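What follows is one structure encoded as structure tokens, with my remarks underneath.
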Amino acid sequence: MIAFVSGPVAALAPDAAVVEVGGVGMAVQCTPATLARLRVGEPARLATSLVVREDSLTLYGFADDDERQTFELLQTASGVGPRLAQAMLAVHSPDGLRRAFAAGDEKALTAVPGIGKKGAQKLLLELKDRLGEPLRGAAPTPAPAGAPGWRDQLHAALMGLGYAAREADEAVAAVTPQAEATEGTPQVGQLLRAALQSLNRAR
């Protein structure tokens, strides 16, 4: 298993980063919040989880070990593959998921694309006791100077989750007041959660 990758960031895409490790470019699938912390040409260290399939090897990257462990725990539930687990972490932080499962919060889970009411109920039954208690004191890390604008990152993240360009435009517009009211650099992960909530209300 590849536990982490470390090296300069060679390229960034809406859903992935390429990290140069020993002269080899490693493509790593990441959430928007993780990508927002990276900058091309700057060093990065990502905790990783390697998913092996008959026809592919896919490396998923995370800001820390807690995210990686949560990603792997989510996949112990029936019907949860790596893409859905990553989508859950794109919408909720690990602590957010722990709180949702501890409280039996179906709405929090149905905010994730691909999870309906029945799916949320099933996940709550299977994972309630596996994720543990929320951790406290974790502060969000601001995006580095020179990173792409939050609007571009958010729009690309929504498109990557399967929404149409028009829906992504509407969701970005819906969270713009929240972003503009934020002191400093808006957190793309938080804005993505708010954007997904606005899209769910519009349905």
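The shown structure was predicted, so the numbers you read here are calculated from the model rather than taken from an experiment.
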Do [X] and [Y] belong to the same hydrophobic cluster, where Ile, Leu, Val, Met, Phe, Trp and Tyr are linked whenever their side-chain heavy atoms lie under 4.5 Å apart, directly or via other members?
| X | Y | value |
| --- | --- | --- |
| Leu50 | Val21 | yes |
| Val28 | Val18 | no |
| Val5 | Val52 | yes |

Show the nearest heavy-atom pair for residues [X] and [Y], with the distance to one decimal.
| X | Y | value |
| --- | --- | --- |
| Leu73 | Leu127 | O-CD2, 3.7 Å |
| His92 | Ala108 | NE2-O, 2.5 Å |
| Ala85 | Leu74 | O-CD1, 3.8 Å |
| Tyr60 | Arg83 | OH-CG, 4.0 Å |
| His155 | Ala165 | NE2-O, 3.7 Å |
| Thr34 | Leu46 | CG2-CD2, 3.7 Å |

Exam field: side chain [X] to backbone [Y], donor-acceptor pair closer than 3.5 Å:
| X | Y | answer |
| --- | --- | --- |
| Glu167 | Ala164 | yes |
| Thr48 | Ile2 | yes |
| Glu126 | Ser78 | yes |
| Ser93 | Leu89 | no |
| Arg68 | Ala3 | yes |
| Glu67 | Ala63 | yes |

Derivation and outcome, side-chain contact (heavy atoms from CB on, under 4.5 Å), residues Asp105 and Arg99
CA-CA 8 Å; Asp105 189 349; Arg99 285 191 291 269; over 6 Å; no

I would like to know whether Met26 and Leu59 meet side-chain contact (heavy atoms from CB on, under 4.5 Å); could you show each step before the answer?
CA-CA 8 Å; Met26 305 284 285; Leu59 199 59; 3.9 Å; yes

Does the salt bridge (Lys or Arg N to Asp or Glu O under 4.0 Å) test come out yes or no for Arg45 and Asp64, once each step is laid out?
CA-CA 9 Å; Arg45 185 184 189 278; Asp64 54 37; over 6 Å; no

Salt bridge (Lys or Arg N to Asp or Glu O under 4.0 Å) assessment of Asp169 paired with Arg166
CA-CA 5 Å; Asp169 290 339; Arg166 177 184 59 79; over 6 Å; no

Rounded to the nearest 0.5 Å, what's the gap from [atom1] on [X] to [atom2] on [Y]? Could you check?
| X | Y | atom1 | atom2 | result |
| --- | --- | --- | --- | --- |
| Leu123 | Phe101 | CG | CZ | 5.5 Å |
| Cys30 | Phe62 | SG | CZ | 8.0 Å |
| Thr31 | Gln86 | OG1 | CD | 6.5 Å |
| Gln121 | Lys118 | CD | NZ | 8.5 Å |
| Asp15 | Leu12 | CG | CG | 11.0 Å |
| Phe71 | Leu84 | CZ | CG | 10.0 Å |

Compare all side-chain heavy atoms of [X] with those of [Y] and state whether any distance is below 4.5 angstrom.
| X | Y | result |
| --- | --- | --- |
| Arg130 | Thr76 | yes |
| Val9 | Glu42 | no |
| Leu196 | Pro113 | yes |
| Met88 | Ile115 | yes |
| Val51 | Arg53 | yes |
| Leu97 | Leu109 | yes |

With a 4.0 Å cut-off on N to O distance, would you call Arg151 and Glu180 a salt bridge?
yes

